Amino acid sequence: MPFDPWDPDFVAHPYRVYDELRRQAPVSYFEPTGQWLVSRHADVNALLRDRRLGRSYLHVATHEEFGRPQEPDFQEPFWRVIRAGMLDVEPPVHTRLRRLVSRAFTPRMVESLRPRVRAIAERLVAAYADKGGGDLIAEVAEPLPVTVIAEMLGVPDQDRHLLRPWSADICLMYELNPGSQAQHTAARAAEEFAGYLKSLAARRRRAPGDDLISALTQIPELTEDELVGTCVLLLNAGHEATVNVTGNGWWALFRNPGELQRLREDRSLLPTAVEELMRWDTPLQMFERWVLEDIEVHGVRIPRGSEVALLFGSANRDPAVFDDPDRLDVGRADNPHISFGAGIHFCLGAPLARIELIESFGALLDRAPKLELRQEPTWKPGYVIRGLRSLELTFAG
Ligand code: HEM
């Protein structure tokens with residue numbers, strides 16, 4: 001089977017294809033997207049840290065200079081939001097934006113949120129148990145990180161149902177070669193989300209609360225676009241992958257019952273188990289970078305203006321780094337997985353994501369000693385963002 005991110009069979013089983021790529025073509029040109037695929041851990045890790053590449057090129061060149069088409073007008077609301085957040089800018093703007101919010105996400109700060117995260121996880125799991133099960137994604141995996149990040153930012157309770165659909169629509173643009181309908185949907189979601197956040201920020205500016213949006217409104221050098229871009233990024237990145245790690249992770253445990261049993265018997269394995277679940281079935285399979293100055297990888301010259309696609313899912317199964325990489329080992333001690341990225345854009349929310357995952361897996365293990373799979377789940381069609389449509393479980397016994 002070739003690398004084909006639009007083929008549902010490939011999306012369901014990408015790892016065998018990655019084996020081939022790593023062995024035979026650690027760097028290869030992929031015609032349908034015009035990108036260079038990079039499949040080995042050492043290369044992905046090095047390129048993420050290499051300042052000759054960037055998440056954007058607009059700080060050093062125009063679209064024309066990079067041989068890229070002008071963006072259609074209707075996409076303007078999307079790019080305005082995305083390019084105002086730290087993820088899609090490079091230093092010095094990146095450094096400034098990241099510094100403004102990083103204090104809220106230090107390991108110490110987020111550790112203080114643990115009791116609240118635990119309480120939310122226990123409440124959701126109790127309600128799920130009372131129903132005797134159902135779709136784990138809708139009942140637990142989604143509401144936990146959405147509630148946590150919405151509370152941090154100060155999004156009112158009654159508006160939280162808006163966040164997940166906006167995020168899902170905006171994320172359509174992160175898939176490879178999104179179609180016209182997806183592009184319009186994403187632009188509309190970005191416009192609505194930005195409008196909502198502007199009016200929320202205006203209210204908080206007048207009457208600040210004890211939340212991150214209020215704090216951001218008090219920073220004079222942050223433009224309105226940057227405030228909106230930062231909040232959209234935090235709200236979206238703050239739940240999207242965590243939802244999928246929960247679903248993919250439980251599905252991985254059901255396919256490896258010995259490891260599930262091991263975890264049930266020894267809860268002290270939870271921290272290593274969560275890292276391993278993120279490695280074994282990587283929630284964000286690929287991240288892209290623009291080549292700002294010519295580079296060479298394995299003797300292949302990749303010129304300025306090219307785009308590389310870093311295959312995180314492949315890097316995380318590289319036998320040069322991980323012993324027996326296809327084996328799920330919830331006790332794996334040496335686990336330098338790349339699921340949170342590396343370099344200057346390393347996931348700002350990693351400490352928070354870890355707490356959320358440990359608390360939600362822990363709450364389910366405590367409350368449901370006999371959780372069973374009702375039916376085999378199916379993957380959502382996207383390749384880049386890897387997640388299940390639903391995960392139907394029953395509380396047996
Ligand atoms: C298991 C869950 C998560 C995974 C796998 C994940 C993964 C990632 C990755 C791979 C990147 C870097 C992308 C790149 O280099 O191109 C990133 C960036 C980021 N993530 Fe996460 N993330 C998770 C949860 C979170 C949470 C809970 C937050 C909450 C605030 C968050 C906020 C961010 C932000 C703000 C960035 C941009 C950092 C920058 O550009 O400097 N993430 N994430």
Side-chain angles (χ1 to χ4, degrees), residues 1-15 17-18 20-21 25 27-39 44 47-48 53-58 61-83 85 87-88 165-191 236-237 240-241 244 282-292 300 302-315 341 345 378-389:
M1 186 165 58
F3 180 86
D4 182 352
W6 301 282
D7 175 357
D9 278 346
F10 170 78
V11 169
H13 307 286
Y15 297 106
V17 181
Y18 293 153
E20 290 285 308
L21 284 176
V27 184
S28 61
Y29 190 69
F30 185 56
E31 196 75 50
T33 58
Q35 293 170 321
W36 293 89
L37 305 180
V38 177
S39 52
V44 170
L47 293 178
L48 282 171
L53 294 95
R55 288 248 347 163
S56 170
Y57 53 79
L58 292 171
T62 60
H63 290 309
E64 206 175 9
E65 283 162 347
F66 256 48
R68 305 285 149 178
Q70 287 300 323
E71 288 144 6
D73 288 345
F74 79 84
Q75 288 183 0
E76 196 272 341
F78 174 84
W79 291 115
R80 180 188 275 253
V81 163
I82 296 305
R83 292 193 182 124
L87 182 57
D88 282 81
W166 276 332
S167 172
D169 287 350
I170 288 173
C171 285
L172 292 172
M173 282 291 268
Y174 291 103
E175 292 301 331
L176 295 167
N177 296 357
S180 161
Q181 199 187 340
Q183 294 178 28
H184 278 93
T185 304
R188 201 169 40 241
E191 190 161 20
N236 289 1
E240 201 63 52
N244 290 330
T282 309
L284 300 160
Q285 288 276 312
M286 157 194 286
F287 276 94
E288 294 148 338
R289 287 291 187 273
W290 293 100
V291 178
L292 308 177
V300 179
I302 307 183
R304 172 183 159 91
S306 311
E307 199 181 17
V308 294
L310 307 172
L311 303 181
F312 281 30
S314 172
H345 292 286
T378 54
W379 294 101
K380 285 193 200 162
Y383 159 68
V384 175
I385 298 176
R386 181 170 181 76
L388 299 171
R389 290 177 203 268

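As the structure is a prediction and not an experimental result, all values here were calculated from the model.
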Side-chain contact, heavy-atom cut-off 4.5 Å: Leu172 with Gln183? no

Hey, could you give me the CD1/CG distance between Ile302 and Leu53, rounded to the nearest 0.5 Å? 8.0 Å

Give, for atom CE of Met286 and atom OH of Tyr383, the distance between the pair rounded to the nearest 0.5 Å. 4.5 Å

Is any side-chain heavy atom of Pro14 closer than 4.5 Å to a side-chain heavy atom of Arg386? yes

Measure across Leu292 and Ser56 and return the closest heavy-atom pair with its distance rounded to 0.1 Å. CD2-O, 3.7 Å

Scanning both residues in full, the closest heavy-atom pair of Asn244 with Pro283 reads CB-CB, 4.4 Å

Euclidean distance, Arg188 CZ relative to Phe74 CZ, rounded to 0.5 Å: 10.5 Å

Between Leu58 and Asp88, is any pair of side-chain heavy atoms under 4.5 Å apart? no

Identify the heavy atoms of Pro77 and Ala190 that sit nearest to each other, and give their distance. O-CB, 3.7 Å

Could you tell me how the ring of Phe66 sits relative to the ring of Tyr57: parallel (under 30°), tilted (30 to 60°) or perpendicular (over 60°)? parallel

Within the side chain of Asn236, is there an N or O that forms a donor-acceptor pair under 3.5 Å with the backbone of Cys171? no

Within the 4.5 Å heavy-atom criterion, are Leu284 and Ile385 side-chain neighbours or not? yes

4.5 Å side-chain heavy-atom contact, Trp6 and Leu176: yes

Distance-minimising heavy-atom pair for Gly305 and Arg68: O-NH2, 2.9 Å

CG (Asp4) and CZ (Phe30) are apart, to the nearest 0.5 Å, by 6.0 Å

How far does CG of Asp169 sit from CZ of Phe78, to the nearest 0.5 angstrom? 11.0 Å

Does Pro381 reach the side chain of Arg389, with side-chain heavy atoms less than 4.5 Å apart? yes

Taking the side chain as everything from C-beta on, heavy atoms only, tell me whether Phe312 gets closer than 4.5 Å to Leu48. yes

For the side chain of Thr62 and the backbone of Glu65, is there at least one donor-acceptor N/O pair under 3.5 Å apart? yes

Candidates Arg80, Gln70, Met173 - the one meeting side-chain contact (heavy atoms from CB on, under 4.5 Å) with Gln75: Met173

What closest approach, in Å, do Ser39 and Ser314 show between heavy atoms, and which atom pair accounts for it? O-OG, 2.6 Å

Between His184 and Ser180 (side chain of the first, backbone of the second, donor and acceptor by atom type, cut-off under 3.5 Å), is there such a pair? yes

Are there over 12 heavy-atom neighbours, none belonging to Asn177, within less than 6.0 Å of that residue's CG? yes

Will you find, in the side chains of Glu240 and Tyr174, an N or O donor that is under 3.5 Å from an N or O acceptor? no

Under 4.5 Å between any side-chain heavy atoms of Arg55 and Arg289, yes or no? yes

Hey, is CD on Glu175 packed in by over 12 heavy atoms from elsewhere, all under 6.0 Å? yes

